Amino acid sequence: MILVSACLCGINCRYDGQDSLNPQVLELFNKGELVPVCPEQLGGLSTPRACMEIVGGEGKNVLEGKSKILDKTYTADSSGEFIEGARRVLKIAKVLNIQKAILKQRSPSCGFGKIYDGSFSGNLIEGNGVTAELLRQNGIEILTEEDFV
Ligand code: SF4
């Protein structure tokens, strides 16, 4: 089995209550090969929720307590929920002995290789989201939806 960001399968779990459906990923999902997870929901955040970005670093820094996940006003700190969600996704992976994940690019949770830079202006930096980083640190191979286009 392979973990997948739930929004890529058409589940409306994004911050804005929408999905990020990817037809190729959905095809795999429909074959029963994927386990959909949304780390932000698993961490206890509601849907819809505020748009949030990692400010001052990347997922690794959030896990170390050196960067925060904030909303556009830079006042609401959701770092704890993001870390909790990442831990819960890792637990699911371990329980099911999952070695691979397909994650949504650019997300502060699921992004792998590229994430938004914390300015809320669409700029990207190199780095991983919190869940992607925790999975990577635990030896799970990560693909993104961009590997399917
Ligand atoms: S946390 Fe991941 S699965 Fe959930 S909506 Fe964001 S990108 Fe999709």
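Predicted model, so just to flag it, every value in this text is computed and none were measured. All residue numbers in this chain count up from 1 along the given sequence. One-based numbering, in listed order, for ligands and for the atoms of each.
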Pair Phe148-Leu28, side-chain contact (heavy atoms from CB on, under 4.5 Å): steps then yes or no: CA-CA 11 Å; Phe148 289 81; Leu28 285 177; 3.7 Å; yes
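- In terms of heavy-atom proximity, Val55 sits nearest to Ser67 at O-CB, 3.6 Å.
- At a heavy-atom distance under 4.0 Å, only side-chain atoms of Arg49, from C-beta outward, approach ligand 1.
- Near-neighbour remark for atom 2 (Fe) of ligand 1: protein N, O or S atoms under 2.8 Å are Cys110 SG; waters not counted.
- Not one N or O on the side chain of Glu81 forms a donor-acceptor pair closer than 3.5 Å with the backbone of Gly43.
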Quiz: residues 108-116 side-chain donor-acceptor pairs under 3.5 angstrom, not counting sequence neighbours:
unit_1 : atom_1 : unit_2 : atom_2 : d
Ser109 : OG     : Glu40  : OE2    : 2.9
Lys114 : NZ     : Glu146 : OE1    : 3.3

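- For Lys68, there are no salt bridge (charged side-chain N to carboxylate O under 4.0 Å, His left out) partners at least two apart in sequence or on another chain.
- Checked against salt bridge (charged side-chain N to carboxylate O under 4.0 Å, His left out), Lys31 has no partners two or more places apart in sequence or in another chain.
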